[in-house]
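As structure tokens, the structure follows; a few thoughts come after it.
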Amino acid sequence: MSPRLNERAVKRWLRDQQAAQQKEDEERVRVLLDLTEDKALRLYLAMPLSREEVTSEPSPLLWIMRRVLEQSRPVRGRKR
């Protein structure tokens with residue numbers, strides 16, 4: 001049986017995720033409110049029309065997160 005996750009660590013992680021989401025939402029609102037009508041229209045018209053037009057590649061942020069996680073994993077035979 002695999003070991004259980006640390007409950008306090010999971011709750012802390014969840015709180016941090018919620019705080020990050022709130023910060024992202026606030027930033028998104030700030031950026032949108034700062035747009036001129038012309039800029040907002042240009043961004044809207046540049047959006048893909050269908051899901052097929054959306055790339056299937058992971059976002060740059062996801063690539064960075066993956067690299068960080070890979071680097072944080074202990075390598076067998078090496079003490080951390």
Side-chain angles (χ1 to χ4, degrees):
M1 186 166 152
S2 33
R4 290 179 45 89
L5 294 174
N6 179 303
E7 185 176 349
R8 285 179 55 200
V10 171
K11 286 180 179 180
R12 184 176 60 242
W13 175 85
L14 182 56
R15 276 193 314 273
D16 291 346
Q17 293 299 310
Q18 291 167 336
Q21 182 64 51
Q22 182 177 351
K23 183 81 170 162
E24 287 177 17
D25 292 345
E26 291 168 359
E27 181 69 11
R28 184 177 298 112
V29 168
R30 187 190 65 72
V31 167
L32 291 173
L33 288 174
D34 286 344
L35 290 176
T36 63
E37 288 182 18
D38 184 53
K39 179 68 174 172
L41 179 60
R42 281 187 281 136
L43 288 171
Y44 176 75
L45 293 175
M47 292 172 62
L49 298 175
S50 68
R51 291 202 48 75
E52 288 79 36
E53 293 181 57
V54 177
T55 180
S56 60
E57 289 293 314
S59 71
L61 177 60
L62 184 56
W63 281 113
I64 292 168
M65 291 170 61
R66 286 178 180 176
R67 270 189 257 130
V68 168
L69 288 173
E70 286 172 7
Q71 292 170 356
S72 67
R73 285 191 201 139
V75 177
R76 281 192 178 162
R78 187 178 88 185
K79 291 184 180 178
R80 280 192 145 257

Problem set entry | Side-chain ion pair, Asp16 and Arg12, N-O less than 4.0 Å | no
Exercise. Measuring from Arg30:CZ to Asp25:CG, what's the distance to the nearest 0.5 Å?
Worked result: 13.5 Å
Exercise. CH2 of Trp13 to CG of Leu5: how many Å apart, nearest 0.5 Å?
Worked result: 10.5 Å
For this session: State the CG-NZ distance between Leu43 and Lys39, to the nearest 0.5 angstrom.
Result: 4.5 Å
Problem set entry | Gln21 and Glu24, any side-chain heavy atoms less than 4.5 Å apart | yes
Exercise. Could you state the interatomic distance from CZ (Arg28) to CG (Leu33), rounded to the nearest 0.5 Å?
Worked result: 12.5 Å
Exercise. In chain order, what residues pass the side-chain hydrogen bond (donor to acceptor under 3.5 Å, both in side chains) check against Glu26, with sequence neighbours excluded?
Worked result: Gln22
For this session: Run the salt-bridge test on Glu7 and Lys11 with the 4.0 Å N-O cut-off and return the result as yes or no.
Result: yes
